[in-house]
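Heads up, the thing below is written out as structure tokens.
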Amino acid sequence: MFVIRNVNPRAIFRRVLFSAVTRSDIIEAFNSPMSLNPGLAKRVFTRMMLDLTLGAVFTRALTLSVERADRNALARGSFLSYGPCQTPVLNLVVQRAIERENFKPEKYYMLRIMVDVDGTKVTLNHEGTFKDRQEAEKVLGLVRSGVKARVIIANYREDFMEPPIPLDTIELERRASRFLNIRPKATLDIAEELYRHGYISYPRTETTIYPPTLSLRQVLLELTHGEHGDYAKALLGMNIKPTRGDSNDGAHPPIYPTRGAIRQEILRYFKNEKYWKIYDLVVRHFLATLSLPARVERQKIVVDISGHRFSADGLKILDKGYLAIYPFESPSEKVLPRVRTGDELNIIKAWIEERETEPPPYLSESELLRLMKKYGIGTDATMQDHIHTNVIRGYFRIRNRQCIPTPLGRAVISVLSKTGNELIDPWFRSRMEKALMEITSGSLKPGDVLFTFKSEARKIYEKFVNRQSEVAMELIKALRNSLNRTRRGAGGKAS
């Protein structure tokens with residue numbers, strides 16, 4: 001734009017914005033061109049300059065520190081990378097792993113009883129746990145003394161499960177990982193192909209509110225020609241009131257289907273089951289956002305035995321509502337029989353179960369994406385790339401949907417935490433993103449943001465250089481460990 005205006009100062013620039021590759025969307029976009037926002041471009045270029053500068057400087061520092069200490073530690077052409085988004089993501093994974101490994105399990109004891117309710121057996125748990133077995137045995141003796149269980153709470157309360165809010169990029173990736181076991185990067189790659197072929201809207205978005213310009217009924221009419229046609233027709237006969245979130249990026253609407261299709265059509269065209277699964281998820285999610293809540297009955301029974309309370313919780317689905325089209329969120333039913341306050345129930349048996357507290361699990365990709373969104377690490381378009389980069393760099397691996405750091409990934413975080421903890425702190429990136437957003441609004445100038453964060457990075461770099469011989473040995477040890485693991489995995493001998 002600036003180059004052209006040097007030649008033709010009277011040139012006019014407009015942005016044609018469309019979020020679905022359909023005839024009507026494209027015609028509408030060209031009929032309604034929008035003004036440009038230079039602040040958006042300035043923000044993007046400033047982010048690129050910061051990421052490139054910090055990434056290049058600290059990637060070079062890590063790599064050279066190892067090469068100077070041991071020229072054979074890294075294979076020819078290899079390097080140890082740092083990224084302003086990539087490495088805070090790695091830190092989240094490593095910190096959860098450390099928390100898990102430092103966890104010390106503790107034994108505890110649960111007291112359980114089984115009662116008879118008009119021929120139905122119901123199991124209830126003591127409302128407290130016991131750290132001392134003798135204490136649990138004492139209460140067990142009271143329970144077995146022949147006293148009946150007296151009902152003190154009989155609660156059968158109707159409740160509603162609300163449908164999901166419209167789908168943005170991160171939530172699509174999270175739900176595909178959680179419900180379909182499809183990796184975030186693969187999800188976005190597939191979604192982009194579906195968009196390019198006119199099946200769904202643009203999949204890179206942070207918006208969770210359907211704009212008033214989007215005709216939801218027209219989308220439903222399109223879907224009547226596909227696999228989900230019967231449900232779409234039923235919605236067309238209702239008063240539609242979509243759910244809504246609280247975010248709007250001002251660029252693209254939430255992800256929604258733009259064409260009805262059947263499974264065979266998607267499989268014939270893309271020849272991969274995952275394409276149908278992602279398309280099906282997008283359609284079902286869209287339909288769910290227009291559907292009625294599910295109606296359930298939440299149940300609770302509490303009994304008293306010699307001053308000790310035992311309880312059981314149940315759930316009964318009364319009306320599936322949106323769950324009819326969105327079974328991914330269907331809860332497990334556990335229906336309790338009807339009792340009334342004051343009823344006395346016979347105790348069939350009582351027993352003690354010995355258990356141990358469990359460590360937190362490794363971060364799942366779904367949870368990692370949620371944390372990245374919380375801290376503002378990356379954008380909706382790049383979050384899955386930062387996970388993928390860590391995997392291909394050998395810093396962590398994905399196993400059973402869990403992110404497990406490698407010795408090399410741990411060493412990188414350990415080294416950087418000793419020399420510049422800001423570089424791996426998710427809040428550092430979050431602070432950077434907030435400053436970048438102020439460029440868009442005009443509150444900050446790109447030069448000021450660059451100066452602030454480059455100055456901070458320079459101080460960290462000086463600390464790193466002063467300790468590089470010390471930290472190099474930790475990295476070299478991890479590299480050798482990784483090499484030995486690879487050789488053992490390939491059937492070779494570890495040196």
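All residue numbers refer to positions in the sequence shown, counting from 1.
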With the threshold set at 4.0 Å, does a side-chain nitrogen-carboxylate oxygen contact exist between [X] and [Y]?
X	Y	answer
R284	D280	yes
R204	E192	yes
E433	R429	yes
E353	R112	yes
E367	R370	yes
K373	D168	yes
E297	R338	yes

Over all atoms of both residues, closest heavy-atom pair of [X] and [Y]:
X	Y	value
G314	L336	N-CD1, 3.6 Å
A232	L223	CB-CB, 4.0 Å
Y362	C403	CB-O, 3.7 Å
L315	S332	CD2-O, 4.2 Å
E356	Y108	C-CE2, 3.6 Å
E173	T187	CA-CG2, 4.2 Å

R183 vs E365, salt bridge (Lys or Arg N to Asp or Glu O under 4.0 Å): CA-CA, chis, key distance, verdict: CA-CA 8 Å; R183 297 279 313 282; E365 282 190 280; 2.7 Å; yes
Qualifying salt bridge (Lys or Arg N to Asp or Glu O under 4.0 Å) pairs with a residue from residues 150-163, counting only residues at least two apart or across chains: R157-D159, E158-R295, D159-R298
Short question: side chain of [X], backbone of [Y] - any donor-acceptor pair under 3.5 Å?
X	Y	answer
T224	L221	yes
D343	R340	yes
S366	R178	no
T205	T207	yes
Y156	V339	yes
S414	A411	no
T289	F286	yes
Y279	A261	yes
T382	G378	no
T406	G409	yes

Pairs involving residues 366-410, ordered by first then second residue, that meet ring pair (Phe, Tyr, Trp, His ring centres under 6.0 Å) (sequence neighbours left out): Y375-W427
Ring pair (Phe, Tyr, Trp, His ring centres under 6.0 Å): pairs with one or both residues in residues 311-342, sequence neighbours excluded: F179-F328, H285-Y326, Y326-F328
Test log, rule side chain to side chain contact (heavy atoms under 4.5 Å, CB included), inputs M383 and I170: CA-CA 8 Å; M383 287 186 186; I170 302 309; 3.1 Å; yes
How about [X]: does its [atom1] atom have over 12 heavy atoms from other parts shown lying under 6.0 Å from it?
X	atom1	value
E358	CD	no
R355	CZ	yes
M161	CE	yes

Check against side chain to side chain contact (heavy atoms under 4.5 Å, CB included), V303 and I113: CA-CA 10 Å; V303 302; I113 63 170; 4.2 Å; yes
Parallel, tilted or perpendicular: ring planes of F270 versus Y275, cut at 30 and 60 degrees: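 Judged by the thresholds at 30° and 60°, the geometry between F270 and Y275 is parallel.
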Whether H228 and W276 hold their rings parallel, tilted or perpendicular, with breakpoints at 30° and 60°: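 The rings of H228 and W276 lie parallel, inter-plane angle below 30°.
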Rounded to the nearest 0.5 Å, what separates atom [atom1] in [X] from atom [atom2] in [Y]?
X	Y	atom1	atom2	result
L450	K445	CG	NZ	13.5 Å
H225	K233	NE2	NZ	8.5 Å
I262	I266	CD1	CD1	9.5 Å
Y202	T169	OH	OG1	8.0 Å
S417	Q95	OG	CD	7.5 Å
Q384	M372	CD	CE	8.0 Å

With K300 via salt bridge (charged side-chain N to carboxylate O under 4.0 Å, His left out) - residues at least two apart: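 Scan of K300 (salt bridge (charged side-chain N to carboxylate O under 4.0 Å, His left out), adjacent residues dropped) gives D313.
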Set of residues satisfying side chain to side chain contact (heavy atoms under 4.5 Å, CB included) with respect to K121, sequence neighbours excluded: M114, I348
Residues which pass side chain to side chain contact (heavy atoms under 4.5 Å, CB included) with T389, listed by chain and number, not counting sequence neighbours: Q86, R393
R96/E101 under salt bridge (Lys or Arg N to Asp or Glu O under 4.0 Å): CA gap, chis, key distance, verdict: CA-CA 9 Å; R96 174 59 68 85; E101 287 153 15; over 6 Å; no
Intermediate values then yes/no, side chain to side chain donor-acceptor pair (under 3.5 Å), S247 and T208: CA-CA 5 Å; S247 60; T208 56; 3.0 Å; yes
Verdict with reasoning, Y231 to S291, per side chain to side chain donor-acceptor pair (under 3.5 Å): CA-CA 10 Å; Y231 195 89; S291 299; 2.7 Å; yes
Residue pair V151, V302: steps toward the side chain to side chain contact (heavy atoms under 4.5 Å, CB included) verdict: CA-CA 6 Å; V151 177; V302 181; over 6 Å; no
Step-by-step salt bridge (Lys or Arg N to Asp or Glu O under 4.0 Å) determination, R268 to E265: CA-CA 5 Å; R268 184 170 61 251; E265 176 187 343; 5.7 Å; no
side-chain contact (heavy atoms from CB on, under 4.5 Å), paired with T87, selected from L423, V94, I424, L54: I424
Stepwise side chain to side chain contact (heavy atoms under 4.5 Å, CB included) check, Y210 with L290: CA-CA 11 Å; Y210 293 128; L290 309 183; 4.3 Å; yes
Pair R309-E127, salt bridge (Lys or Arg N to Asp or Glu O under 4.0 Å): steps then yes or no: CA-CA 6 Å; R309 289 162 57 112; E127 289 195 338; 2.9 Å; yes
